Each structure stands twice: as C-alpha cells, then as structure tokens.
Amino acid sequence: MKDKNLTEEQQRVDWVVEEISQKAEKIGKSVGNVKGEIVDLRSTFWDDVTVNMDEPDDVIETFTSIKQQAELLAEREITHRQAYDQLKTLKKLTQSPYFGRFDFIENGEKEAEAIYVGVGSLMDQKDEEFLIYDWRAPISSLYYDYSPGKAQYETPGEAIKGEMKLKRQFIIENSVIKSMFDTGITIRDELLQEVLGHNASSQMKSIVATIQKEQNQIIRNEKNKVLIVQGVAGSGKTSAALQRVAYLLYHHRKQLTAENMMLFSPNPLFNSYVSTVLPELGEDNMKQTTFQQYADGRLGNEFEVEDLFVQIEYLLTEKDVAAKKQKMQEIRYKASCEFKKQVDAYIEELSTKDIIFKNIKFRGEIVLSARRLLSYFYSLDKGISIPNRMQLVAEWALKLINQLEKLERKKDWVQEEIQLLEKEDYVEAYQHLQKKEGYTESSFDDFDREQAYLAKAVVAKKMKFIKQAIKQLKFIDIRRIYMQLFERNHLFSHVEGWEDTAKNTVQRVMNMKLSYEDVTPYLYIKDQIEGRKTNPVIRYLFIDEAQDYSPFQLAFLKELFPHARMTLLGDLNQAIYAHALNAPTILSSELYEEKEAETLTLTRSYRSTRQIVEFSRDMVANGHLIEPFNRDGAKPTVTATGDVQKLHEAIIHKINELKQQNYKTIAVIAKTAEESRQAFQALPEAMSARLLTKETSSFEKGMLVLPAYLAKGIEFDAVIIYNASSECYQDEYERNLFYTACTRAMHELHLFSLGEISPFISNKETYEYQSQ
C-alpha cells in the first residue's frame, strides 16, 4: 500500500512539475514582452509627451501628459516585477513543489479535498484550482495545528470547521520524493530528525516545512500589540519570527511592505546570518540594525560612545572587585524604571528652571547670549511643552540673526572678504543682477549695486552655518543638562553608591565619553527637550535577544516607534549583560498592561542533540523545564589539562577529528576577545581558521574562533569551549554566558579546561571526562 501511495504521489509531483514548467514558459514570454515595452517606453518617453509652457492651460496639459506617460511606465514596471517574482517562485517549486499534504472535508461536504502545502502557491493552467497552497494561506494553518480528526481554520469572515482525514509529509529534492510519512502528530520526528541532522549552514535555515504548533502561534498571532516570546536556546524563536514577517507581508500585502518592518538584532554578524531567510520565502528583507548602530548614528559625532561589548569585556576581565561591584550597581540602576522615573522628575523641573543654553557666536563674538536665550525661553507660556517652546526660541533667534545679518553687511570685514572673492563670484553677481527688474547691461557699472549684492552674498554665506545650527537646536547644551542631572541629589539620595556613580558619570561626559548605560537616558533627555525623533513608518518592530534590553530602553523604543506592534524574542537563561541579571528586562510581563501583551513560551530545544541539551540545561535555573528533541548524538566531553601547551595540543587534535567527520562549521568559543585571540594564534595556519570580532559583519562556514557573546543566536556543527576552568567561569555573573556558549552546538560539544573545571558543570561525572 505504501509503495502504491509513493508511486501515486511521485506521479503527482511529476505532473505538477510539468505544470510549473509550462507556466514558467508562458510567464517567461510575458516577462520578455513587458521588458521590451519598458525599454521602448523609456527610450520614447519624451516623444509621446506634449511640452508647451507658454500659457497656464498649456502647462496643465503638459503636466497631465507627463503624468499619464509616467503612470503607464510605472504600471509596466510593476507588471514586470510581479511576473519576475512569479518566475523565481516557480523555480523554487520545481525543485521541491511542496512538503505537506492533508485531506480535509468541510462540514456539509461529501468528499475530502487534498490540500498540498509549499513555500508558494500554484494554480492550474486555467487559474481555477490550487495545485499548491502557500504555507501562509489560512487553510494551511491546519497542517501545523492539527492531527487527523476534527479541525478548523480561521478566514477573515468566519471559522471553517471540518475533519482532517489524512496528514502526510514529504522531503522532495530535485523533483523526486526522498521521504514520505503519514503522521498523527504535528510534524513527525523522522522529518525533523532528517532536517536537523544536516550540517550547520552559514545562513539561518527556513523552518517552513517543520513549523511546530507552538511556533505557528508566534507566526500567525495578530491579536496583541506586544508579543513576548520566551524561548529556550535552539527552540526556533528567531526563525519563527522571520516566518512571522513573511506571513504578515503576505496577508497585508496591500498595506505593508518590508519598509514598514524593522529588526533590532544583537550584532552585525547576526544580521548576515539571517539575511537570506526572507528572500528564500519570496519577500524583501526588512530593515535590520542594532541598538549600537542607532546610538552611533545619533551620538557618534559628539561622543566616543562605548558599546555593549566593551562593557561586558570590562566586567569579564576587571580584577578589582570593588570597582566591578560599583560599575555593576551603576549599570543596573541606569537601566531601571526607577531611574527613568527620576529622569522624568528632572525634566519636569527643567520646565520651570535650569535649562542650559550655549552662547550663539559669530566671528568669535557672542551675538545672542545663553542668558538671553534662557530669559526668552522661560518668558513663554509654561503650559507649552519644552520641545514646542524650543521651536519658538529657534524662530525668535532666527529673526534676531536676520536683523544682525543686515547690519553686518556694512562692516569692514565684509569689504575685505569681497576683495578676496574669485572671478566666479563676480560672474554670479553679474548674472543675478541681470535678472533684476529694470536692470540694463550698462548699469553693471553701478559700483554700489554690485558691492551691495556681493556684501549680501558674503554675509549670507557666513551666516548660513549659524542659521542651520539654530534650526537644529544646537544652542541647547544637552551635555551639560545631562551632567546637571547627577547634581540633583534630592532625586537620588536613596540610591546606594550614588555619589560615586555621579562623580564617575560627570567625569566621563566631561571627557566626551558616553558609557553604554548612559546612552539611552542621554538620548531620552535629548528627545524630551528637543522633540522626539519618532519613526512613524515602522508598523512592526522585532527585537531579538530581547533579554539584553533594559526597561529604560523599552520605554525609549516605544516612543521612538509610536505606531509599531512589537515582537520581543529572548531567553532569560541567555541574559549575559549586567543590567539584565536578576533584574527586569523587556521580557518581563510586569512592564506591560495585561490587555496589550501576550507571552508565548517555547520549552523544546531543536538545535542540539538530546545529550547536549541534557548536559547544558543543568547549568541554569529551571533547566529541568527545557525539553530536548529526541535526536541522539555523542555525549559532550570534558577534558582537563595541566598547562597551556597541552590545552592547545588537545584542542588541535579534537579539531582534526571533527574535520574528518565532515563537519562544515566548527567553532572555538572563548570567554573574551583577548582569550579568542590567544586561541586563534595557537591554531596552525593550515587550519584556515577565522577570528570573529565585534567588527565582523559577515558569517561564513569554516573553522571559526570567537568570544561567547558574539555567538548568540548562531549555531555550529561542533563547538569547542576553549577554557572551561573554574578560574575562567566561576562568578554567578558568568553562568549564563557559559550556558550560551555550550548551547551553540548542534551535533558535538567538547569542553577543555586549563586546570580545575568550572563549578557550573555540576553533572560532569555522568559524561565522558578525561584529564591530561
């Protein structure tokens, strides 16, 4: 019976592939024809446009003619793009037309319909019946959410109820069925095992064929403004979020484009890793950035801005216990809702007193003093918001500068500047005066008119930068306003270590340096005074590794993207930064109103073998709740060595063993950047290893060496922990970092230790363990 089914299914694949081929041929001809039309339209654009600017009616006619021709060209270009996209989808479908089938009989119907699910939809030659349904179509949700039996799916109008009679899964490569399963569960283990058993890739894989029910809830959730996903390492939360983007773009294609979506990711390396998922699904990539890139874009010209990786490097390497403790307190407090509350109180005070302005200078002299700006600002109605009052101050200042500009034209320095003008400046003056009403060629001998124009041009050029600075509100001294915050002892007298925090912060800001923990409050104060730099275009905001974001950052991001629905993805067990340890992060439910947010929890890990998951989950709190997927592999090994030379020899030997097993991506994960460099330098050149740093922007397969904090979100065939000693990993602060490093491994995990092994490996007796 199975052989018969397989034969019938292969015959259908062959038939569908032939249908695809015919459709592709037809569309290919259409693409060629439309492309020819576009080329012709572009080359003859102005031939078909009537241009006449003599009379008002003629101008209107000309405009209408141009508009019609431009619209015709745009329509042809859209048609060409759509046809081209169809061709790309058909090309993908030729290799693997679909991955699932279910037979569904709707209540009231007599016969079940066979529904085939793939990465794109396909209709028959007459465009009357679906041969393949796109995985994002409403009916396709049945494949992910139900086993054979009663089932239903939602359409925009109603819930369609019925019964699933059959559920079948395929692995099809090069138009040939390699595997076929009939299953009574969501996605059968055999299919997942085959997919997960492959080598790691340099790009994140699409999980369309293996989406689980709980992942499908993430993808299709449209009820809540905030969707919080707490998912254990390897649970597929990031991949599901990217499929969610594709789903939303598909279902709201008339209202949404990739331009309306943005992903905040942990680092540029991760952006490279996930860059192909959406294009594989036939969608454009959304905007991708990191919080650091955003901060550098706004503050990089003003300050030396510390990044999150410099911060964690300091905390991982600092030997002065007291200094580290003080820094941890400072970081955690500045990340908190309590600090934001006090910042808001400070801004409220600024509404009535103590705003700080800069003098506006011209040619080294004060032309509008800070005191005068201050007086005018506080003379305005207190009921007007600070940003709106600042705009009124700017308008007032510009009027004064315009008056000053007229007076400056008569000063001696202007005549000196005129003498230094180039010939081109005189030609420009001549051309300008020619356009003046009543001007004749002979009147250019009018020396006074010439000098007046040149004086005006010289002063305007010099004044241009002042006017621009006023429009940009550069007369507000945000830096001193921020420093002044730390003098408000009445707001912070209850905070432990505040005196040191205030002293350290002021010193850094005076030296034009901004610590990472100061970036968000600084930008927040800047926006509260100058006006919010909102981005109304973004409708969906995705934040990966959300446990690395503080409550203060959440408040800031909410104001930055006021119209955006947010999807937050993270794992509290991978919270490795100081502000996120034993403190609320944006994954914390207490930061949201109950009605606006929904939390989904993913507890099953698919990335690693059962043995790796069981080994690593004992390292973290509530690790017993993490469920391994039933994919077997080798036990992790723990090897202790007596000196650095033996450590390096043992690691090199293990790498050679792993290469012989044909693993494509092997990572040596160290604790810090410096330790990564040491590990990298110990490897022979013949290994062609690549050292990844915070500046690395592209992820490629091969032999890689990197610090643990850069490995977040990425997976490797085999992982070697460079030094899992008690000296290296012993503070509670380092537990999650150690766990994160170990959970990057898909197939094999090997830990090496220089001396005594880390106390975090509490279950080491149960695993292969050797000492050298």
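Quick caveat, the model's predicted, so the values are computed rather than measured.
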Salt bridge or not between Glu405 and Lys467? Use side-chain N to carboxylate O under 4.0 Å.
yes
Classify the angle between the aromatic ring planes of His579 and Tyr516 as parallel (below 30°), tilted (30 to 60°) or perpendicular (above 60°).
parallel
Got a donor-acceptor contact below 3.5 angstrom from the Arg332 side chain to the Ala578 backbone?
yes
Can any side-chain N or O of Ser515 pair as donor or acceptor with the backbone N or O of Glu517 at less than 3.5 Å?
no
For Asp500, the salt bridge (charged side-chain N to carboxylate O under 4.0 Å, His left out) test, sequence neighbours excluded, returns none
Side chain of Asn736, backbone of Ala575: donor and acceptor closer than 3.5 Å?
yes
Residues passing the salt bridge (charged side-chain N to carboxylate O under 4.0 Å, His left out) test with Glu330, sequence neighbours excluded, are Lys334, Arg508
Validation row: Asp344, Lys340 side chains within 4.5 angstrom (heavy atoms):
yes
Kindly indicate whether the side chain of Ile331, heavy atoms from C-beta on, has any atom under 4.5 Å from the side chain of Gln311.
yes
Ser676 side chain to Thr672 backbone, donor-acceptor under 3.5 Å
yes
Nearest non-hydrogen partners of Pro536 and Thr534, listed with the distance
CD-O, 3.5 Å
Do Val459 and Trp413 have side chains that approach each other closer than 4.5 Å (heavy atoms only, starting at C-beta)?
yes
Could you tell me whether Gln472 atom CD has more than 12 heavy atoms of other residues or ligands within 6.0 Å of it?
yes
Looking at Ser272, is its backbone amide N or carbonyl O close enough to the side chain of Ser275 to form a donor-acceptor pair, meaning the two atoms are under 3.5 Å apart?
yes
Can you tell me how far the CG atom of Asp571 sits from the NZ atom of Lys237, to the nearest 0.5 Å?
5.0 Å
Any chance the side chains of Gln326 and Thr501 put a donor and an acceptor closer than 3.5 Å?
yes
Is Lys324 salt-bridged to Glu318, cutoff N-O under 4.0 Å?
no
Checking the side chain of Asn267 only, and the main-chain atoms of Phe270 only, is there a donor and an acceptor separated by less than 3.5 Å?
yes
May I have all residue pairs that pass side-chain hydrogen bond (donor to acceptor under 3.5 Å, both in side chains) and include part of residues 379-396, sequence neighbours excluded?
Ser351-Arg389, Ser385-Asn388
Got a sec: does the CD of Glu590 have more than 12 other heavy atoms crowding it under 6.0 Å?
yes
Between Asp296 and Gln292, do the side chains contain a donor N or O and an acceptor N or O under 3.5 Å apart?
yes
Who passes ring pair (Phe, Tyr, Trp, His ring centres under 6.0 Å) against Trp498, sequence neighbours left out?
Phe486, Phe492
Does Lys526 pair with Glu559 as a salt bridge, N-O distance under 4.0 Å?
no
Counting only heavy atoms from other residues, nucleotides and ligands, does the tally under 6.0 Å from CD of Glu496 exceed 12?
no
List for me each residue that meets side-chain hydrogen bond (donor to acceptor under 3.5 Å, both in side chains) alongside Glu695, sequence neighbours excluded, and say none if there are none.
Thr693
Heavy-atom check, side chain of Glu283 versus side chain of Val245, under 4.5 Å
no
Is the distance between the ring centroids of Phe309 and Tyr709 under 6.0 Å?
yes
Verify the neighbour count for atom NZ of Lys558: are there more than 12 heavy atoms of other residues, nucleotides or ligands below 6.0 Å?
yes
Interatomic distance, Met566 atom CE to Leu554 atom CG [nearest 0.5 angstrom]:
5.0 Å
Are the aromatic rings of Tyr273 and Phe699 close, with centres under 6.0 Å apart?
yes
When you measure from the side chain of Asn260 to the backbone of Leu256, do you find a donor-acceptor pair of N or O atoms at a distance under 3.5 Å?
no
Hey, is OH on Tyr378 packed in by over 12 heavy atoms from elsewhere, all under 6.0 Å?
yes
Could you tell me whether Lys325 atom NZ has more than 12 heavy atoms of other residues or ligands within 6.0 Å of it?
no
By salt bridge (charged side-chain N to carboxylate O under 4.0 Å, His left out), Lys471 pairs with (sequence neighbours left out) none
For the residue pair Glu304 and Met512, establish whether any side-chain heavy-atom pair is separated by less than 4.5 Å.
no
How close do Met390 and Ile529 get, heavy atom to heavy atom, and via which atoms?
CG-O, 3.5 Å
Can you pull the side-chain hydrogen bond (donor to acceptor under 3.5 Å, both in side chains) pairs that have at least one residue in residues 535-545, sequence neighbours excluded?
Thr238-Asp544, Glu545-Gln547
Using the side-chain hydrogen bond (donor to acceptor under 3.5 Å, both in side chains) criterion, which residues pair with Tyr294? Sequence neighbours excluded.
Arg298
Side-chain donor-acceptor pairs of residues 352-365 under 3.5 Å, sequence neighbours excluded:
from   : atom 1 : to     : atom 2 : distance (Å)
Thr352 : OG1    : Glu349 : O      : 3.1
Asp354 : OD2    : Arg488 : NH2    : 2.7
Asn359 : OD1    : Ala370 : N      : 2.7

Excluding sequence neighbours, so at least two apart, what forms salt bridge (charged side-chain N to carboxylate O under 4.0 Å, His left out) with Lys223?
Glu598
Going by an N to O cut-off under 4.0 Å, is there a salt bridge joining Lys671 and Glu675?
no
Are Val509 and Lys513 side-chain neighbours, meaning at least one heavy-atom pair lies under 4.5 Å?
no
Shortest non-hydrogen contact between Phe264 and Thr290, atoms and distance
CD2-C, 3.9 Å
Is there side-chain contact between Glu306 and Leu514, with at least one heavy-atom pair below 4.5 Å?
no
Do side-chain atoms of Ser550 reach the backbone of Gln553 as a donor and acceptor pair under 3.5 angstrom?
yes
For Glu222, the option from Arg565, Arg244, His252 that meets side chain to side chain donor-acceptor pair (under 3.5 Å):
His252
side-chain hydrogen bond (donor to acceptor under 3.5 Å, both in side chains) with Ser589: which residues, sequence neighbours excluded?
none
Provide the closest heavy-atom pair for Tyr592 versus Val226 in the form atom of the first, atom of the second, distance.
CE2-CG1, 3.8 Å
Side-chain heavy-atom pair Ile466, Phe475 within 4.5 angstrom cut-off
no
Taking all non-hydrogen atoms of both residues, which atom of Ala345 and which atom of Leu491 are closest, and how far apart?
CB-CD2, 4.0 Å
Are Lys462 and Glu408 close enough for a salt bridge, meaning some N to O gap below 4.0 Å?
no
What distance separates Leu737 CG from Leu316 CG, expressed to the nearest 0.5 Å?
6.0 Å
Where Tyr482 and Ile525 come nearest, the two heavy atoms and their spacing:
CD1-CD1, 3.6 Å
Sequence-distant partners of Phe303, ring pair (Phe, Tyr, Trp, His ring centres under 6.0 Å), two or more places apart
Tyr522
Sub-3.5 Å donor-acceptor pair from the side chain of Asp731 to the main-chain atoms of Glu734, do we have one?
no
Can you tell me how far apart CG (Asp527) and CD1 (Ile386) are? Round to the nearest 0.5 Å.
12.5 Å
